[in-house]
Amino acid sequence: MKDSGGSTYSLFKWAAVLEGTTLLALVGVAVPLKHLAGVPAPVSWIGPVHGVAFMVYIALACNVASAQDWPRKRLLLTLLATLVPFGGYVIARKLDRAVAPARRV
């Protein structure tokens, strides 16, 4: 699934936003509802959605890193960003900044 063009890069940006959003929903809404209000249902559907979003993010990160010849440190930091709330948003913002100069040319 190598793609040196912008389509995979753009898809990766959206995957970063989706992963970040599902992580925030899981940690900020579903888990507190489960433990503080005794309502476990949101975890049972947000958890798997976040899991799929996480796996898609990892696959696309590796694909983009390979296609763009990223240094290993950049890939590692990109992967570690998914473990922090709002990390997906930071990565999406950095991707926008990286692509923006190329669009102006």
Side-chain angles (χ1 to χ4, degrees):
M1 188 170 134
K2 272 193 175 183
D3 178 19
S4 58
S7 63
T8 303
Y9 214 69
S10 178
L11 186 60
F12 177 51
K13 182 188 91 163
W14 287 107
V17 170
L18 178 64
E19 192 281 331
T21 302
T22 58
L23 177 61
L24 288 174
L26 186 63
V27 173
V29 177
V31 172
L33 279 175
K34 179 179 179 179
H35 293 289
L36 299 176
V39 181
V43 171
S44 68
W45 61 271
I46 294 175
V49 170
H50 171 67
V52 170
F54 179 77
M55 290 187 291
V56 168
Y57 176 89
I58 296 298
L60 288 171
C62 292
N63 186 285
V64 168
S66 175
Q68 301 290 325
D69 293 324
W70 284 2
R72 285 189 177 156
K73 183 178 178 181
R74 181 175 180 187
L75 175 60
L76 180 63
L77 291 173
T78 301
L79 296 176
L80 288 175
T82 64
L83 304 177
V84 180
F86 298 101
Y89 297 111
V90 172
I91 294 301
R93 177 82 172 168
K94 287 186 181 236
L95 290 170
D96 269 346
R97 288 184 181 166
V99 172
R103 289 182 187 153
R104 289 185 219 142
V105 174

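Please read these numbers as outputs of a predicted model, since none were measured by experiment.
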List the atom of Glu19, the atom of Thr82, and the distance in Å for their closest heavy-atom pair. OE2-O, 3.4 Å

side-chain contact (heavy atoms from CB on, under 4.5 Å) partners for Leu80, two or more places apart: Leu76, Leu83

If you round to the nearest 0.5 Å, how far is OG of Ser7 from CZ of Phe12? 14.0 Å

From CG (Leu11) to CG (Leu18), nearest 0.5 Å: 10.0 Å

Could you tell me the separation between the SG atom of Cys62 and the CG atom of Leu79, rounded to the nearest 0.5 Å? 5.5 Å

Calculate, to the nearest 0.5 Å, the distance between atoms CG and OG1 belonging to Leu26 and Thr21 respectively. 12.5 Å

So do the side chains of Tyr9 and Leu60 get within less than 4.5 Å of each other, counting heavy atoms only? no

Return yes if some donor-acceptor pair links the side-chain N/O of Ser66 with the main-chain N/O of Asn63 below 3.5 Å, else return no. no

When clusters are formed by joining ILVMFWY residues with side-chain heavy atoms under 4.5 Å apart, either directly or through shared neighbours, do Phe86 and Val17 land in the same one? yes

Nearest heavy-atom approach of Ala41 to Trp45 is O-CD1, 3.1 Å

Is there a donor-acceptor contact under 3.5 Å from the side chain of Thr78 to the main chain of Arg74? yes

Same apolar cluster (I L V M F W Y, side chains within < 4.5 Å links), Ile58/Val64: yes

Working to the nearest 0.5 Å, report the span between NZ of Lys13 and CD1 of Ile91. 13.5 Å

Do Thr22 and Phe54 have side chains that approach each other closer than 4.5 Å (heavy atoms only, starting at C-beta)? no

Hydrophobic clusters here meaning ILVMFWY residues chained together by side-chain heavy-atom distances under 4.5 Å, can you tell me if Leu95 and Leu75 are in one? yes

